[in-house]
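Just below is one structure, and these are the notes that go with it.
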There are 2 protein chains.
Amino acid sequence: MNGARETGRRSGTSRGRIDKRRSILAAAFRIFARDGYGQSCVREIAAEAGVAKPTVYNHLGDKETLFREAMQEAVERTTADALTAFEGLREPGDGTAAALEEAGHRLLRGHCGAESRALRGLLHAEAGHFPDLVEELQRNGARRVHDALADRLARLALGGRLDISDPDRAAEQFLALLTGPMELRSGLGTREVPDAELHSVARAATDTFLSAYAAPATA
Amino acid sequence: MNGARETGRRSGTSRGRIDKRRSILAAAFRIFARDGYGQSCVREIAAEAGVAKPTVYNHLGDKETLFREAMQEAVERTTADALTAFEGLREPGDGTAAALEEAGHRLLRGHCGAESRALRGLLHAEAGHFPDLVEELQRNGARRVHDALADRLARLALGGRLDISDPDRAAEQFLALLTGPMELRSGLGTREVPDAELHSVARAATDTFLSAYAAPATA
DNA sequence: CCCGAGCTGAACCGTGCGGTTCAAAAGAAC
DNA sequence: GTTCTTTTGAACCGCACGGTTCAGCTCGGG
């Protein structure tokens, strides 16, 4: 319905005028994350956004599209953040192991963050009702993280620092070793996990990962 | 309210008389799994169970307790099933690697089964609303699976077939290597995963696991 | 200065929910 | 057969929801 409607408006604060849309989507995600899709009501989302209810329906016609849009935005944010975790893997001067552990820890920090947890929870919850959304969000989220890591690992293998024949498999396993243990440890996001524990998991993951993929000769 | 009410009744078929409760709980789980907690209505659960709505409220007073009870029962079923996957690890005659891969594959089969997927999805979805339920269900489910595997691994280590100093860590990582990759591959349960892929993941997990924990001398 | 687009708040509609009530029916126990 | 418990269907209550309407206000552009 809208789409090409809001063109070059800039008013900065988002308080007085435009950027309603952003604030609505942010509020929507917050409420959806707190109450779930079914239990959330648009009334409350509008209130959280500091906006009248019809305004919500003006910008996004439907509760469903509101949900989809809010999820898209959230996955964009968290993915961008997660991708920064792999920066240290471009040129690991201080040793491959340390760089992997550092990257793993940074990834875990994001993974256990509030927004990321809420996003996974919501997606998991409504996966059955919006299969296409799952598909798209995984393509724009987890898939990109996986690919980025696989790229880095392939580079490291090419540089002789790792012995990897299948970078996709290696990336998949490293990610599994990192995030897999958090499900139980964090009680599906119920319990807060202390940073020391994150370090410990990242360390263990790196150790096991390197047992399988360390280069035969470190030169 | 009830509890010690239904004593030694047995009528067998569950069609004519008692066992309403079981059938209600089973139907409840089916509906909850299909629609989510918020979107499910007790009316439909009663219909699915072939029972009048007041009967549901007679047996389980509340929609919430209905949910909790149904989840408890489901976790009991799936956990019992998962635990059987580790039977082959008691006396792995045909080699530790093959036994691990077999156990991993059987675990994955269950993990990707409809009931198990639905259970995880529901729990993930409502984790925020029922933190105590998460705690209890993990204790009765995932935790028991983890412990059972850790026990088997410790035995194998004691028998000199594995080199494991921390069985809990080893179990955690093996489970992570198995189930971690399925999240993306199955699209959170949206896509069906062919059995060949399950075998492949189990194989890869076993390989990497053994790289880290294989005994130095196989005798 | 006015104009028009967008925002507001409040009321409104139809619907479906959780949960209850009640009178009638169906079994089980004796 | 009689009695006591349980189940049944249907109606009912209060409520909150998604979504719409509308008259009035605000504010930027001219």
Side-chain angles (χ1 to χ4, degrees), chain A residues 1-28 31-32 34-70 126 129-130, chain B residues 1-28 31-32 34-70 126 129-130:
Chain A
M1 301 322 172
N2 57 11
R5 181 60 54 86
E6 69 285 347
T7 46
R9 265 64 168 292
R10 274 311 111 76
S11 98
T13 72
S14 101
R15 170 65 179 76
R17 199 90 220 102
I18 221 67
D19 296 52
K20 300 277 182 188
R21 190 186 153 103
R22 305 277 302 209
S23 111
I24 290 174
L25 286 179
I31 299 296
F32 281 140
R34 178 158 61 84
D35 296 343
Y37 178 75
Q39 282 97 318
S40 299
C41 72
V42 181
R43 250 175 162 90
E44 201 169 357
I45 290 175
E48 173 89 3
V51 142
K53 190 166 61 140
T55 307
V56 174
Y57 284 98
N58 276 353
H59 283 256
L60 308 110
D62 214 338
K63 187 187 182 185
E64 184 174 326
T65 48
L66 176 55
F67 178 67
R68 299 182 109 101
E69 222 72 33
E126 307 300 331
H129 305 61
F130 309 105
Chain B
M1 300 319 174
N2 56 12
R5 180 62 53 87
E6 69 284 349
T7 47
R9 265 66 166 292
R10 270 317 107 77
S11 100
T13 72
S14 101
R15 170 64 178 77
R17 197 89 222 102
I18 222 67
D19 296 53
K20 299 276 182 191
R21 190 188 153 102
R22 305 278 300 209
S23 111
I24 290 174
L25 286 179
I31 299 297
F32 282 139
R34 178 157 60 85
D35 297 343
Y37 178 74
Q39 283 96 318
S40 300
C41 72
V42 181
R43 250 174 161 91
E44 200 169 357
I45 290 174
E48 171 90 3
V51 143
K53 189 164 64 139
T55 307
V56 175
Y57 284 97
N58 276 353
H59 284 256
L60 307 110
D62 214 337
K63 187 187 181 184
E64 183 174 327
T65 48
L66 177 54
F67 179 67
R68 299 181 108 101
E69 222 73 33
E126 307 302 330
H129 305 61
F130 308 105

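Here the structure is a predicted model, which means the values were calculated and not measured. Order of the sequence lines sets the chain letters (A, B, ...), proteins ahead of strands, with each chain counted from 1.
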Rounding to 0.5 Å, atoms CD (Gln39(A)) and CD (Glu126(B)) come to a distance of 5.0 Å
Length of the CG-C1' vector between Asp62(A) and dG19(D), whole Å: 9 Å
Does any donor-acceptor pair link the side chain of Lys53(A) with the base of dG19(D) at a separation under 3.5 Å? yes
Distance check needed: dC17(D) P versus Glu44(A) CD, whole Å only. 8 Å
Nearest whole Å is fine: how far is dC17(C) C1' from Asp35(B) CG? 14 Å
Closest approach of Ala46(A) and Val56(A), non-hydrogen atoms and distance? CB-CG2, 3.8 Å
Minimum heavy-atom separation for Ala70(A) and Ala28(A), please, with both atom names. CB-CB, 4.1 Å
Give the rounded distance in Å between these two atoms: CZ of Arg43(B) and C1' of dT8(D). 14 Å
Between P on dT5(D) and NE2 on His59(B), what's the gap in Å once rounded to a whole number? 16 Å
Whole-Å distance separating the CD atom of Glu64(B) from the C1' atom of dG18(C): 13 Å
Identify the heavy atoms of Lys63(A) and Tyr37(A) that sit nearest to each other, and give their distance. NZ-O, 3.0 Å
Nearest to the side chain of Ala52(A) - dT20(C), dT7(D), dT8(C)? dT8(C)
Starting from C1' on dT7(D), measure out to OH on Tyr57(B) and report it in whole angstrom. 16 Å
Please verify the inter-ring angle class for Phe32(A) with Phe67(A); under 30° counts as parallel, over 60° as perpendicular, anything in between as tilted. perpendicular
Could you tell me how far apart Ile45(B) (CD1) and dG16(C) (P) are, to the nearest whole angstrom? 18 Å
Tell me which of Cys41(A) and Pro54(B) sits closer to the 5' end of DNA chain D, going by the nucleotide each one is nearest to. Pro54(B)
What's the closest nucleotide to the side chain of Lys20(B) if the choices are dG19(D), dT7(D), dG19(C)? dT7(D)
Between dT8(D), dT7(D), dT20(C), which nucleotide has the shortest distance from any of its atoms to the side chain of Val51(B)? dT8(D)
OP1 or OP2 of dT7(D) sitting under 4.0 Å from any side-chain N/O of Thr55(B)? no
So Gly61(B), base contact, sugar-phosphate only, or nothing? Heavy-atom distance under 4.0 Å. nothing
